[in-house]
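Okay, so here's the structure we're looking at.
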Amino acid sequence: MPKQAFTEEVIELLREIPRGMVSTYGGIAALAGNPRAARQVVRVLHAYGEKEKLPWWRVINKQGALSLAPGNGYEEQRDLLEAEGIVFDANGRIDLDRVLWQPDWMNEDG
DNA sequence: AACCTGACTTCGG
DNA sequence: TCCGAAGCCAGGT
């Protein structure tokens, strides 16, 4: 199969994240083929987030927290996530064990 | 081709 | 657990 550009893979993966679930920068990068390319995912969100209508708010960091700073998008992202049913604990963290999304093929037997 | 970006992740204290 | 420093990557200039 032809190897797609990383960016293309990332965009497709982001489109698969269902409402009410989240993924991580590193997780998306890993699914796209390079677990080290988390930062590239950030670039994709900046470069194509809006034009590709990507659910940028469903991408958080591996600590289960939002990477955006208060006053710089944090509230907007949190609002969007809570609107989908995502719950934040007292420390502003999300329980990834509950809402971390992964492609269906990750659950198949093989 | 060198240099820069960026909402990360990992490591050590 | 929290913080700073270093490492990492691919696309854009």
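All chains are named by letter (A, B, ...) in the order of the sequence lines, taking the proteins before the strands, and each is independently numbered beginning at 1.
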Show me the donor-acceptor pairs within less than 3.5 Å that the side chains of residues 36-55 of chain A make with the rest of the protein, sequence neighbours left out.
unit_1 : atom_1 : unit_2 : atom_2 : d
A/Q40  : NE2    : A/T7   : OG1    : 3.4
A/E52  : OE1    : A/R15  : NH2    : 3.4

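Side-chain atoms of A/R93 do not come within 3.5 Å of backbone N or O of A/G64 as any donor-acceptor pair.
Contact check for A/L96 versus A/W101: no side-chain heavy atoms found under the 4.5 Å cut-off. Between A/V22 and A/V59 there is no side-chain heavy-atom pair separated by less than 4.5 Å. Taking the side chain as every heavy atom from C-beta outward, A/D89 and A/D95 never approach each other to under 4.5 Å.
Between A/S23 and A/I17, the shortest heavy-atom distance links the atoms CB-CD1, 3.8 Å.
Placement of A/L100 and A/V87 in two distinct hydrophobic clusters is found when ILVMFWY residues are connected by side-chain heavy-atom separations under 4.5 Å, directly or transitively.
A distance of 12.5 Å separates CZ of A/R58 from CD of A/E16, quoted to the nearest 0.5 Å.
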When you compare the protein's N or O atoms with those of nucleotides 11-13 of chain C, which come within less than 3.5 Å of each other, and at what distance?
unit_1 : atom_1 : unit_2 : atom_2 : d
C/dG11 : O4'    : A/Q40  : NE2    : 3.4
C/dG12 : OP1    : A/Y48  : OH     : 2.9

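Scanning for side chain to side chain donor-acceptor pair (under 3.5 Å) contacts around A/W57 gives A/E84, with sequence neighbours left out.
Within residues 81-99 of chain A, no residue has any heavy atom under 4.0 Å from DNA chain B.
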(message) One character per nucleotide, please: for nucleotides 7-13 of chain B, 5' to 3', B when the base has a protein heavy atom closer than 4.0 Å, S when only the sugar-phosphate does, - otherwise.
(response) BBSS---

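Residue pairs meeting the side chain to side chain donor-acceptor pair (under 3.5 Å) criterion with at least one partner in residues 65-75 of chain A, sequence neighbours excluded, are A/N61-A/S67, A/Y74-A/R78.
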